[in-house]
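Sharing a structure here in structure tokens format.
Numbering of ligands and ligand atoms starts at 1, following listing order.
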Amino acid sequence: MDPRVQPKNIVVIGAGIVGVATGLHLQREGHSVTLIDPTPPGRGTSFGNAGSIAVGSVYPTGSPGNWKQVPKMLTDPMSPLKIKWSYLPKAAPWFLRFLEASRTSRVEEISKHLWALSKDAMNSHRRLIEVAKAHDIVRPVGWLKVYSSQQSLDKTKHEREVMARRGVTFDVLNADELRQLEPGLSPKFTHGYHQPENGFVSQPVKLTEAYFAKFQELGGRWVAEKVRRFAVGPNGVEKVVTDLGMHACDAVAICAGARSHDIVAMLGRRFPLDTERGYHLNLDVQEGPELRRPVVIGDHGFVLAPMQDGLRLTSGAEFAGVDAPPDFRRIYRMLELAKEALPGLKADVTREWLGFRPSTPDSVPVIGRSPDHSNVYFGFGHGHIGLTLAARTGELITDLVADRTPDIDMTPYRAERY
Ligand SMILES: Cc1cc2nc3c(=O)[nH]c(=O)nc-3n(C[C@H](O)[C@H](O)[C@H](O)COP(=O)(O)OP(=O)(O)OC[C@H]3O[C@@H](n4cnc5c(N)ncnc54)[C@H](O)[C@@H]3O)c2cc1C
């Protein structure tokens, strides 16, 4: 606790990993925090990810030459990035910004902004893990990407060059080295690279729940309500109005994942947030090789992650908005490829899951004070790395609420950039 900080009543909207980590930091600072979310903590998109605390995740989704993939994204059922035809007109403004952010010079710049956040992501989680006594959930096993040919690995050349320029630690591996790390993988994988500093959250919902349990122990509370609007007075937001009540507050943090732009719009600001939908299948393995860490099958852009409750197969991104029904056909096709990647795998599917990555066009999250209301803070738009950056986001928002200058320049994360 910082003795100079004046305790406030703070509402945090959204109880995903970002909202819960933020709530825990604020509560530890001595504030009185109410988390508002109709869904129990960690049961939104934070439930179903691949579990990587991706310290070296500095390469944005939009990369040079992306536009050449658009026809494949529209027509190829196995493309790692997929766009639903009917969603294209609605998503067009977001895509134009995405393509602008995909230029080589912008990617270089964006990677610096992502590195400033992600280089301390593991340390930030370690601090909360210590507080929440959640040590058994996160394993220091890194993140492995594998490819079946030199040509396929070469497609990541630019990404690896950018990572090297930022100072990300990774080791390029030959077939023997891959085999030593993951003996169960098919011998068809002959190339790859390993990021040893990444942590693996072996059951993502348990990490959110552990942070939430500590938050409650410190006096924080959760109300299962849905935010509908705000009551604004001369000093900013005075009340958060939900479907079931009204919550007076001194400050608000908006951490509502892929729905954050709807909530920001209630305060009169438009923000170009879309969603990269992602699926997973949970596999109850009957027979077959075991994995020691999450593995990206780079040729097809899916991940196999050995979670506590089964082997999790997670997909790349689908652009279809938050309201379209799930379409599990593509992830089931990937299941066949997963069986090729792990020869001998026999498994029953025990869960079909769809989540909504909250995605900005430049892959940079929005973390900062609202330009319109001085007692409103934003913490959303973490896209593919919300689990990674949750604890760091909570630290930064807590600094801003206390009027402390954060240890990094916050300009790149401001909402005003759009
Ligand atoms: C398949 C897949 C794999 C991924 N793998 C990784 C990975 O390995 N590493 C990584 O770092 N990230 C990964 N991610 C991304 C990560 O899961 C997300 O970035 C992260 O979960 C976002 O967290 P959040 O708290 O912002 O959102 P959420 O977890 O979605 O939480 C937002 C909450 O806001 C609530 N909410 C919405 N509207 C309202 C309202 N009106 N009132 C009150 N509450 C509201 C929702 O109910 C929800 O609970 C992956 C994502 C997917 C889909």
- [ ] Please determine which of Thr360, Thr393, Thr388 meets the side chain to side chain donor-acceptor pair (under 3.5 Å) test together with His382.
- [x] Thr393
Task: Those atoms of ligand 1 less than 4.0 Å from some heavy atom in Arg259 - done: 37 (C), 38 (N)
TODO: From the options Gly42, Ala258, Ala50, select the one whose nearest heavy atom is closest to atom 5 (N) of ligand 1.
DONE: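 The option holding the nearest heavy atom is Ala50.
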- [ ] Using heavy-atom distances, let me know which of Ile17, Thr314, Thr242, Asp37 sits nearest atom 47 (O) of ligand 1.
- [x] Asp37
TODO: Starting from atom 27 (O) of ligand 1, find the nearest protein heavy-atom neighbour and note its residue, name and distance.
DONE: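 Ranked first by proximity to atom 27 (O) of ligand 1 is Gly257 CA, 3.5 Å.
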Open item on the list: With respect to Gly386, determine whether any N or O atom, backbone or side chain, lies less than 3.5 Å from an N or O atom of ligand 1.
Closed with: yes
- [ ] Between Arg357 and ligand 1, find which residue part has any heavy-atom pair under 4.0 Å and reply side chain, backbone, both or neither.
- [x] side chain
Open item on the list: If we check side chain to side chain donor-acceptor pair (under 3.5 Å) with Ser111, which of these qualifies: Arg166, Glu159, Arg106?
Closed with: Arg166
Task: Protein contact to atom 36 (N) of ligand 1 [nearest heavy atom, distance to 0.1 Å] - done: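 Here the nearest protein heavy atom works out to Ala256 CB, 4.0 Å.
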Open item on the list: Can you report which non-hydrogen protein atom sits closest to atom 41 (N) of ligand 1, along with the distance?
Closed with: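 Minimum-distance protein heavy atom for atom 41 (N) of ligand 1 reads Val227 O, 3.3 Å.
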Open item on the list: Is it the case that the ring center of His373 lies less than 6.0 angstrom away from the ring center of Phe230?
Closed with: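 No, ring centres 6.0 Å or more apart.
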Open item on the list: Quick check on contacts: which atoms of ligand 1 are under 4.0 angstrom from a heavy atom of Ile36?
Closed with: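 Atoms satisfying the 4.0 Å criterion: 43 (C), 44 (N).
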- [ ] Output the list of atoms in ligand 1 that are nearer than 4.0 Å to some heavy atom of Ser52, sorted by atom number.
- [x]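 Within the 4.0 Å cut-off of Ser52, ligand 1 contributes 7 (C), 8 (O), 9 (N), 10 (C), 11 (O).
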Open item on the list: Looking at non-hydrogen atoms alone, which of Leu35, Leu313, Asn49 comes nearest to atom 3 (C) of ligand 1?
Closed with: Asn49
Open item on the list: Only heavy atoms of Ser46, strictly under 4.0 Å: list the atoms of ligand 1 that pass.
Closed with: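 Those atoms are 20 (C), 21 (O), 23 (O), 24 (P), 25 (O), 28 (P), 29 (O).
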- [ ] Name the closest protein heavy atom to atom 45 (C) of ligand 1, giving the residue it belongs to and the distance to 0.1 Å.
- [x] Pro38 CD, 4.1 Å
TODO: Show your working on salt bridge (Lys or Arg N to Asp or Glu O under 4.0 Å) between Glu161 and Lys157 and close with a plain yes or no.
DONE: CA-CA 6 Å; Glu161 286 169 355; Lys157 185 167 173 281; 3.0 Å; yes
Task: Arg270-His261 side chain donor-acceptor pair, cut-off 3.5 Å - done: no
Task: Pairing residues for Asp136 by the side chain to side chain donor-acceptor pair (under 3.5 Å) criterion, not counting sequence neighbours - done: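 Result, side chain to side chain donor-acceptor pair (under 3.5 Å) vs Asp136: none returned.
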Task: For ligand 1, the portion of Ile263 having any non-hydrogen atom under 4.0 Å away - done: side chain
TODO: For residues Phe189 and Tyr147, establish whether the separation of their ring centroids is below 6.0 Å.
DONE: no
Task: Donor-acceptor pair between His247 and Glu225 side chains, under 3.5 angstrom - done: yes
Task: Test salt bridge (charged side-chain N to carboxylate O under 4.0 Å, His left out) applied to Asp362 and Arg417, Arg97, Arg103, the passing residue - done: Arg417
Task: Non-hydrogen atom of Gly383 closer than 4.0 Å to ligand 1 - done: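 Contact present.
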Task: Location of contacts on Arg277 toward ligand 1, heavy atoms closer than 4.0 Å - done: neither
Task: Check: Phe170 ring centre within less than 6.0 Å of Tyr193 ring centre - done: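 Phe170 vs Tyr193: aromatic centres under 6.0 Å.
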Task: Pairing of Glu130 and Arg127 as salt bridge, 4.0 angstrom limit - done: no
Task: Protein contact of atom 10 (C) of ligand 1 - nearest heavy atom, named by residue and atom, plus distance - done: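 For this ligand atom, the closest protein heavy atom is His384 O, 3.2 Å.
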Open item on the list: Could you identify the single nearest non-hydrogen protein atom to atom 30 (O) of ligand 1 and state the distance to 0.1 Å?
Closed with: Thr45 N, 3.2 Å
Open item on the list: Does any N or O of ligand 1 fall below 3.5 Å from an N or O anywhere on Thr388, backbone included?
Closed with: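 Min N/O separation from ligand 1 is below 3.5 Å for Thr388.
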Open item on the list: I need the nearest protein heavy-atom contact for atom 31 (O) of ligand 1: residue, atom name and distance, please.
Closed with: Gly16 CA, 3.4 Å
- [ ] State the atoms of ligand 1, each with its element, that fall below the 4.0 Å cut-off from a heavy-atom position in Thr39.
- [x] 47 (O)
- [ ] Ignoring angles and geometry beyond distance, decide whether Leu387 reaches within less than 3.5 Å of ligand 1 through its nitrogen or oxygen atoms.
- [x]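 Yes: some nitrogen or oxygen of Leu387 is under 3.5 Å from one in ligand 1.
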Open item on the list: Could you tell me, atom by atom, which parts of ligand 1 come under 4.0 Å of a heavy atom of Val18?
Closed with: 23 (O), 24 (P), 25 (O), 26 (O)
TODO: Could you check whether the rings of His158 and Tyr59 sit parallel, tilted or perpendicular, using 30° and 60° as the cut-offs?
DONE: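 Perpendicular, since the angle between the ring planes exceeds 60°.
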Open item on the list: Would you say the ring centers of Phe378 and Tyr413 fall short of 6.0 Å from each other?
Closed with: no
Open item on the list: Which residue in the set Phe328, Tyr332, Phe302 passes ring-ring contact (aromatic ring centres under 6.0 Å, His included) when paired with Tyr279?
Closed with: Phe328
